[in-house]
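The next block holds one structure in the form of structure tokens; read it before the comments.
Just so it is clear, the values below take in all heavy atoms, side chains as well, and ignore hydrogens, waters and symmetry mates. All values derive from a computational prediction rather than experimental measurement. Chain A is the first sequence line, chain B the second, and so forth, proteins listed ahead of strands; every chain is numbered from 1.
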Amino acid sequence: MSYLPKPKLHHPKLPTNAIGLTRRDYEGAISTLCAGCGHDSISSAIIQACFNLSLPPHRIAKMSGIGCSSKTPTYFLGNAHGFNSVHGRMPSVLTGAYLANRDLVYLGVSGDGDSASIGFGQFAHSIRRGVNMCYIVENNGVYGLTKGQFSATSDWGSVAKKGAINTDQPIDLAAIAVQLGATFVARSFSGDKEQLVPLIEAALVHEGAAFIDVLSPCVAFNNHPGSTKSYDYVREHNEALNKLDIMLRRDEITVKYAPGEVTEVTQHDGTILRLRKLHEGHDPTNRASAMHHILDRKAAGEIVTGLIYVDPEPSALHEHLGTIAGPLNALGDADLNPGIDALESINAALR
Amino acid sequence: MPQPITATNDFVVKFANVNGSGSASANGLFARSILRMGIPIASRNIFPSNIQGLPTWFEVRVSEAGHMGRRGGVDMMVAMNPQTWDRDVAEIEPGGYLFYDSTRPMPRSRFRDDITVIGVPLTEITNAAYSDPRQRQLFKNIVYLGALSALLDMEVEAVQQAIAAQFKGKEKLVPANFAALEKGRAWAQENLSCPIGLTLKRADAVGDRIFVEGNAAAALGAVYGGATVCAWYPITPSTSLAEAFEKYCGKLRKDPETGAKRYAIVQAEDELASIGMVIGAAWNGARSFTATSGPGISLMQEFVGLAYFAEIPAVIFDVQRAGPSTGMPTRTQQSDLLSAAYASHGDTKHVLLLPEDPTECFEFGATAFDLADRLQTPIFVMLDLDIGMNDWLCEPFKWDPARSMDRGKVLDAAALDEAKSFGRYLDVDGDGIPYRTWPGTHPEKGAFFTRGTSRDRYARYTEEGAPYVDNMERLLKKFGTAKSIVPRPITIPAKQPARDGVIFYGSSSAAMHEALAGLEADGIHLDAMRIRAFPFHDDVAAFVAAHERVFVVEQNRDAQLRTLLVNEEEIDPARLIPVLHFDGTPITARFIHAAVAQRASAANILPFRKATP
Ligand SMILES: Cc1ncc(C[n+]2csc(CCOP(=O)(O)OP(=O)(O)O)c2C)c(N)n1
Ligand code: SF4
């Protein structure tokens, strides 16, 4: 396998966004994943979301672990810096990168094996630390790259392609993220772009730890009857909590919102998340009831999707640490070196 | 009974205490009081991996001649721990002194005949003066300090100054401590013949030297080296390094107007995360480091391989302790050398810096960041518990005001604008070191994908054999470049032409210098070389080639430096004679002297005898 650069032929009439870029400018190399893999749909949703938000691609750091899902950063945002780290340990690398430069946009992409098994600890700690990031798990309930083993998100009783039955309890990453203090938690389905794109947009602008669990069927190993992460199963059991429109500080990103009960959540940066409620009684700003709702619907055999929880006043690690406003990597000798006099007084104190 | 030992400004006092009894403070005062009299000392804490109740020792080497290593042997034992009484008493040199709490009489059978026994009823004195149990315990330590000061003829002002310095900011406590001190002094002066054979006499041998632990020095080095991100996980004996970094940054690195921090410290969830954060931060252009010890190094292996292969700077302070496994967590060793030099799977080699004392911990602590940036690779600074957690009398910290951070080959937006093309892994300058650029630098140019998977010179993923080999060979070339920029070894020629040599490094240095002098007095002349870094400078192979045999002194079982020398310099193993000390205590001059002399005679090395006049 090798890297396939995509020809950059711009159609002159391609629509441009606020910074004059076309959707093509947010693309990456041609995907080498299996045709029909849910992960490719997520890549395309990420491209769409970044285009919609007019993010300068080079100001995005796309970080991942190891797995088919973690390969995807190559396939979007070719002009962004990517980092394909080690299996399950993307969150720490992303945390470090964020510590060095808080001014970039951090997009973490991972798989369910990557984040719920080997990387479960790092997933949890990056969330509870409040790293300002959009953390997406492309959740197919299976190990794709190592060919079909169950992952820790595989449902109890679900069947592998070769017939094995899973007898371990699954980890619900979204529920855990809510519990760990994520300030933005959503779940979606790779096959539901209309729902997924605005969720990614909202997560990218959210100034705290934002987590999206995206069910993403693996066509090679987990898209058969008996799998609870197949296209058909997810479509049938999907219970959308709400439909999200996201409005940035000034510009409304989409005006298309359906009638019905509408909740507006204004984030502290001025972004407005407009939610058309489908489920009565779901208040996305109440952590306890959000948790309750996930468990409640799960008991009813439903997979809840949409914006599960959001804290409109998030705070992030740099605020907790009390670091300076700008990036630490921009500091020079004059800012960092205490100088010869300070050293002399330290010497004196040690005599 | 042999003659009682008499010595002025040259003896070893050892305190045997119980962990948690508050003795550390009194023992530290003892050491600092002697320093205040202008007499050099070297002190070593030997402590258990426990908070309370287990035995702990504090050894003070008084040496006007300036020997900063351990000598070996004890001239005076301050035996305050009944648990270890027998072995403590046994350790005293013939003619030496035993100081103990005589409140409850010890059976005669438990004393030796060849030492002088000094009993002071410490418990009785303190019980009479204090009613609070905690006070009784704490002041007992100051009372024995007072008695010792009289016995050794210490200047009382020096002790008082040390107490005043210790309680700076808590001045209320000073008079009470002065009073306890006086109680001990008075009792000794009235009841014992003071001074004994071991005496202290004001000298002028300390100069402008400082007394500091290696961990604090390394942390200060990181501050001066421009580190802004520290991610760490607590582990003895490295914890105080991260804590000192936090303390120094708190004082020296805040924005003067807003009070905001120009640094970020994260106590990670484990060592895997701490090295991951270090790598992420360095990838993004911040100078970052972690501090850990052997078990942490084990956990970091996979990430270290990533940093090596993806060429990301990282600084790792490894404060070594006795392994393997949990080993002896609070004892010292130099046994992580190989696991650091070849950390991770596949073919890797890493740069190691080997400081000898806190002064060099400061220097290498700062230099490590320049090297990491210049070489775009992990740099290990190999301290050990002995340097890291003991206070050493050493040269003051120095900094050249003209010095600035060497960020290595980093392309900024202007450079990228000018560049026709950018290949992240191109060897443009022929030194094996490519150019990098930090994320977010330029809107169109310079973006590349960092990965631990093989890629070509333009950072494009490939599993083809040729670009893989090309890359691996360039990495080797880069390691060759490192040879010329890491700290050079230091050679100490023998006073007479010598056929044989000795190689040593790190915390063995102080004891080594004393051993060399002793060996010389025995007619065994050795040229010596102190190695300060891996990869080895060409001088190292030349030194070995110039000698028939070379002793390699180190503090581990498996002669790890020797293995590296054999492996990397293709030296005939028969020419490298291992001298190994690995019981967890810092190596002593006596040990080195005896071991080298014995091997020299076993190897039929005829000493060059001094010409008799
Ligand atoms: C330390 C380590 N252990 C195991 C592996 C092998 N491995 C590669 S990908 C993977 C699982 C990937 O599964 P997931 O994260 O769910 O991603 P998917 O491929 O399904 O998208 C494993 C176990 C590895 N690369 N590194
Ligand atoms: S194996 Fe599964 S997860 Fe991997 S690319 Fe193919 S379909 Fe996608």
For the [atom1] atom of [X] and the [atom2] atom of [Y], what is their distance to the nearest 0.5 Å?
X        : Y        : atom1 : atom2 : value
B/Thr453 : A/Ile66  : OG1   : CD1   : 5.5 Å
B/Tyr263 : A/Leu336 : OH    : CG    : 12.5 Å
A/Asp25  : B/Glu444 : CG    : CD    : 9.5 Å

Select one option (side chain, backbone, both, neither) describing which atoms of [X] are under 4.5 Å from chain A's heavy atoms.
X        : value
B/Ala264 : both
B/Thr258 : neither
B/Leu393 : neither
B/Asp208 : both
B/Thr228 : both
B/Lys254 : neither
B/Arg287 : neither

Measure distances from [X] to the heavy atoms of chain B and classify the residue's part below 4.5 Å as side chain, backbone, both or neither.
X        : value
A/Met63  : side chain
A/Ala342 : both
A/Ile60  : neither
A/Leu94  : neither

Determine whether B/Leu306 and A/Arg89 satisfy the following criterion, side chain to side chain contact (heavy atoms under 4.5 Å, CB included), listing intermediate values before the conclusion. CA-CA 12 Å; B/Leu306 173 81; A/Arg89 266 63 60 75; over 6 Å; no
Any side-chain heavy atom of [X] sitting closer than 4.5 Å to one from [Y]?
X        : Y        : result
A/Pro338 : B/Val223 : yes
B/Thr437 : A/His81  : yes
A/Ile346 : B/Phe362 : no
A/Ser92  : B/Phe303 : yes
A/His58  : B/His442 : no
A/Asn84  : B/Tyr461 : no
B/Pro396 : A/Arg351 : yes
A/Asn329 : B/Trp438 : yes

Check: B/Arg262 side chain, A/Leu328 main-chain N or O, donor-acceptor pair, under 3.5 Å: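 No; zero donor-acceptor contacts below 3.5 Å.
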Please confirm whether the backbone N or O of A/Leu343 pairs with a side-chain atom of B/Tyr224, one donor and one acceptor, at under 3.5 Å?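 Present.
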Nearest non-hydrogen partners of [X] and [Y], listed with the distance:
X        : Y        : value
A/Phe83  : B/Ile312 : CZ-CD1, 3.5 Å
A/Gly82  : B/Trp283 : O-CZ2, 3.7 Å
A/Arg129 : B/Gln267 : NH2-O, 3.5 Å
B/Ser404 : A/Asp333 : CB-OD2, 3.2 Å
A/Gly78  : B/Ala447 : O-CB, 4.1 Å

Does [atom1] belonging to [X] count more than 12 external heavy atoms closer than 6.0 Å?
X        : atom1 : result
A/Arg23  : CZ    : yes
B/Asp400 : CG    : yes
A/Gln179 : CD    : no
B/Gln166 : CD    : yes

Using the side chain to side chain donor-acceptor pair (under 3.5 Å) criterion, which residues pair with A/Tyr106? Sequence neighbours excluded.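 Applying side chain to side chain donor-acceptor pair (under 3.5 Å) to A/Tyr106 gives B/Asn284.
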Output the option from [options] having the highest count of non-hydrogen pairs under 4.5 Å with chain A.
options                                : answer
B/Ser288, B/Ala268, B/Pro401           : B/Ala268
B/Arg209, B/Arg407, B/Lys445           : B/Arg209
B/Gly452, B/Ala227, B/Pro439           : B/Pro439
B/Cys249, B/Ala286, B/Gly440           : B/Gly440
B/Val278, B/Asp255, B/Leu35, B/Val266  : B/Val266
B/Phe397, B/Tyr248, B/Phe211, B/Phe448 : B/Phe397

For the candidates [options], which exhibits the highest count of non-hydrogen atom pairs separated by less than 4.5 Å from chain B?
options                               : answer
A/Leu331, A/Leu104, A/Asp335, A/Leu99 : A/Asp335
A/Gly332, A/Pro57, A/Ala80, A/Gly96   : A/Gly96
A/Arg59, A/Met90, A/Glu344            : A/Arg59
A/Val93, A/Thr95, A/Leu317            : A/Val93

With sequence neighbours excluded, residues passing side chain to side chain contact (heavy atoms under 4.5 Å, CB included) with A/Pro73: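 Side chain to side chain contact (heavy atoms under 4.5 Å, CB included) check on A/Pro73 returns A/Lys62, A/Ser64, A/Phe76, A/Val109, B/Phe449.
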